[in-house]
Engineer: 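Submitted below is the structure of interest, expressed as structure tokens.
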Amino acid sequence: MSALDLNSDLGEGFGVWRLGDDDALLDVVTSANVACGFHAGDAPTMRAVCVAAAARGVAVGAQVSYRDLAGFGRRFIDVEPDRLADEVLYQIGALEAFARAAGTRVSYVKPHGALYNATVHHDAQAKAVVAGVRAFGDLPVLGLPGSRLLAAAGSAGVEEAFADRGYTPEGTLVPRGTPEALLTDTAAVVERAVRLAQTGEIVAVDGTVLALPARSLCLHGDTPGAVHHARAVRQALAEAGVTLTPFTP
């Protein structure tokens with residue numbers, strides 16, 4: 001790959017609670033997946049991240065979720081599709097208000113947590129997410145390669161890979177809370193990123209080599225050592241001749 005987008009989940013605080021170092025990561029990434037209030041992200045946090053992203057030329061994306069503050073959006077909820085579509089639209093609209101106030105706009109949408117994982121195989125919820133996005137406008141949708149979400153999104157789908165998450169041999173993410181779900185060693189994260197950029201491959205936890213020609217690479221803001229990982233990945237990709245830029249809608 002000659003060009004790659006680096007994205008990270010940001011704005012995941014609420015009230016006095018803060019998660020991750022948004023400002024430090026915004027100096028590294030090219031796209032910011034901003035929490036829209038359903039799993040995290042209150043109004044001042046959303047606005048602050050949009051302002052900071054706009055100042056750095058970082059693309060703003062809506063990270064939509066189940067309505068699950070208590071579970072941080074990491075619990076599956078069997079939401080009726082029409083309601084889920086409306087809640088996706090609601091979240092994008094809320095973030096768009098703060099993005100416009102900051103002089104930027106919402107450029108793409110990415111589901112968060114359990115909703116992201118559900119839309120890999122849950123056809124009804126995948127279609128509902130896309131319906132909510134299209135009710136807002138023609139925005140790209142980030143998702144896992146081979147997912148029902150990207151199938152529903154069609155040409156608007158953008159394939160994404162993860163630098164710091166374990167993969168199953170089937171190409172899905174190892175569930176959080178289980179062994180090998182997270183990569184916490186910086187060297188391993190960097191090796192994953194460079195290999196993906198150079199060959200379009202990722203190695204699963206059992207050694208299976210997966211073909212994942214992703215256009216965007218996620219670096220989680222809440223992974224231990226997140227900022228250090230991100231800086232090391234950016235430097236290594238630059239040294240490998242990879243252009244770091246938001247994907248083109």
Side-chain angles (χ1 to χ4, degrees), residues 4-14 17-42 45-53 56 58-69 71-75 88 91-92 94-95 98-99 104 106-120 129 139-144 147 149 158-166 173-177 181-184 189 192-193 214-231 233-234 244 246-247:
L4 190 65
D5 173 52
L6 294 181
N7 76 73
S8 189
D9 302 346
L10 303 177
E12 292 185 320
F14 202 93
W17 180 61
R18 293 289 178 267
L19 179 66
D21 190 338
D22 290 348
D23 283 335
L25 285 167
L26 283 167
D27 287 334
V28 178
V29 300
T30 52
S31 296
N33 317 318
V34 185
C36 300
F38 273 33
H39 75 282
D42 59 11
T45 301
M46 292 166 69
R47 184 164 193 173
V49 175
C50 287
V51 169
R56 293 166 170 82
V58 173
V60 171
Q63 187 163 45
V64 298
S65 171
Y66 293 127
R67 188 184 290 273
D68 183 27
L69 276 176
F72 196 61
R74 288 180 175 162
R75 302 180 292 189
V88 166
Q91 292 174 81
I92 300 170
L95 185 63
F98 293 113
T104 185
V106 173
S107 297
Y108 65 93
V109 176
K110 173 183 172 178
H112 164 81
L115 181 58
Y116 186 98
N117 289 322
T119 58
V120 172
V129 169
L139 294 179
V141 179
L142 266 67
L144 207 65
S147 65
L149 178 67
V158 178
E159 294 180 322
E160 176 187 38
F162 292 82
D164 51 11
R165 290 294 311 277
L173 301 178
V174 175
R176 284 183 179 269
L182 291 176
L183 277 69
T184 58
V189 173
R192 161 77 62 81
R215 178 63 186 86
S216 189
L217 180 66
C218 181
L219 299 159
H220 279 98
D222 62 341
T223 298
V227 174
H228 180 63
H229 298 334
R231 288 171 176 162
V233 165
R234 184 176 180 111
L244 301 176
F247 53 84

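All values derive from a computational prediction rather than experimental measurement.
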Engineer: Can you tell which of Asn33, Ile92, Val158, Leu95 makes a side chain to side chain contact (heavy atoms under 4.5 Å, CB included) with Val109?
Structural biologist: Ile92

Engineer: Identify the two heavy atoms, one from Val129 and one from Val88, that lie closest to each other, and give their separation to 0.1 Å.
Structural biologist: O-CG1, 3.8 Å

Engineer: Would Cys218 and Lys110 count as a side-chain contact (heavy atoms from CB on, under 4.5 Å) here? Give the steps.
Structural biologist: CA-CA 11 Å; Cys218 181; Lys110 173 183 172 178; 3.4 Å; yes

Engineer: Which heavy-atom pair separates Tyr66 from Ala118 by the least distance, and what is that distance?
Structural biologist: OH-CB, 3.4 Å

Engineer: Would you please say whether a donor-acceptor pair under 3.5 Å links the side chains of Asp5 and Ser216?
Structural biologist: yes

Engineer: Check whether Asp164 reaches the backbone of His220 with its side chain - one donor and one acceptor, N or O, closer than 3.5 Å.
Structural biologist: yes

Engineer: Using modelled atom types only, decide if a donor and an acceptor are shared between the side chain of Arg215 and the backbone of Glu160 within a distance under 3.5 Å.
Structural biologist: no

Engineer: If every non-hydrogen atom of Leu149 is compared with every non-hydrogen atom of Leu142, which pair is closest and at what distance?
Structural biologist: CD2-O, 3.5 Å

Engineer: Return yes if some donor-acceptor pair links the side-chain N/O of Gln91 with the main-chain N/O of Ser65 below 3.5 Å, else return no.
Structural biologist: yes

Engineer: Should we count CZ of Arg74 as having more than 12 external heavy atoms under 6.0 Å?
Structural biologist: yes

Engineer: Could you give the distance from CG (Leu219) to CG (Leu183), rounded to the nearest 0.5 Å?
Structural biologist: 11.5 Å

Engineer: Which atom pair, heavy atoms only, marks the closest approach of Leu217 to Ala193?
Structural biologist: CD2-CB, 3.6 Å

Engineer: Please check this pair: side chain of Thr104 against backbone of Ala99, looking for a donor-acceptor N/O pair closer than 3.5 Å.
Structural biologist: no

Engineer: Report yes if the side chains of Tyr116 and Leu144 come closer than 4.5 Å at any heavy-atom pair, otherwise no.
Structural biologist: yes

Engineer: Taking Phe72's backbone N and O only, do any of them form a donor-acceptor pair with His112's side chain (distance below 3.5 Å, no angle check)?
Structural biologist: yes

Engineer: Measure the CG-CG distance between Leu115 and Asp68 for me, rounded to the nearest 0.5 Å.
Structural biologist: 11.0 Å

Engineer: Give the C-alpha distance, both sets of side-chain angles, the deciding distance and a yes or no for side-chain contact (heavy atoms from CB on, under 4.5 Å) between Val106 and Val34.
Structural biologist: CA-CA 10 Å; Val106 173; Val34 185; over 6 Å; no

Engineer: For the pair Asp27 and Arg56, find out whether any cationic side-chain nitrogen is under 4.0 Å from an anionic carboxylate oxygen.
Structural biologist: yes

Engineer: Indicate the atoms forming the closest heavy-atom contact of Ala35 with Met46, along with that distance.
Structural biologist: O-CG, 3.4 Å

Engineer: Nearest heavy-atom pair of Leu6 and Val28: which atoms, and what distance?
Structural biologist: CD1-O, 4.3 Å

Engineer: For the side chain of Thr45 and the backbone of Phe14, is there at least one donor-acceptor N/O pair under 3.5 Å apart?
Structural biologist: no

Engineer: The criterion is side chain to side chain donor-acceptor pair (under 3.5 Å); which residues satisfy it with Arg18, sequence neighbours excluded?
Structural biologist: none

Engineer: Distance check, rounded to the nearest 0.5 Å: His229 atom NE2 versus Leu25 atom CG?
Structural biologist: 11.0 Å

Engineer: Ignoring hydrogens and geometry, is there a side-chain-to-backbone donor-acceptor pair from Arg192 to Phe162 under 3.5 Å?
Structural biologist: yes

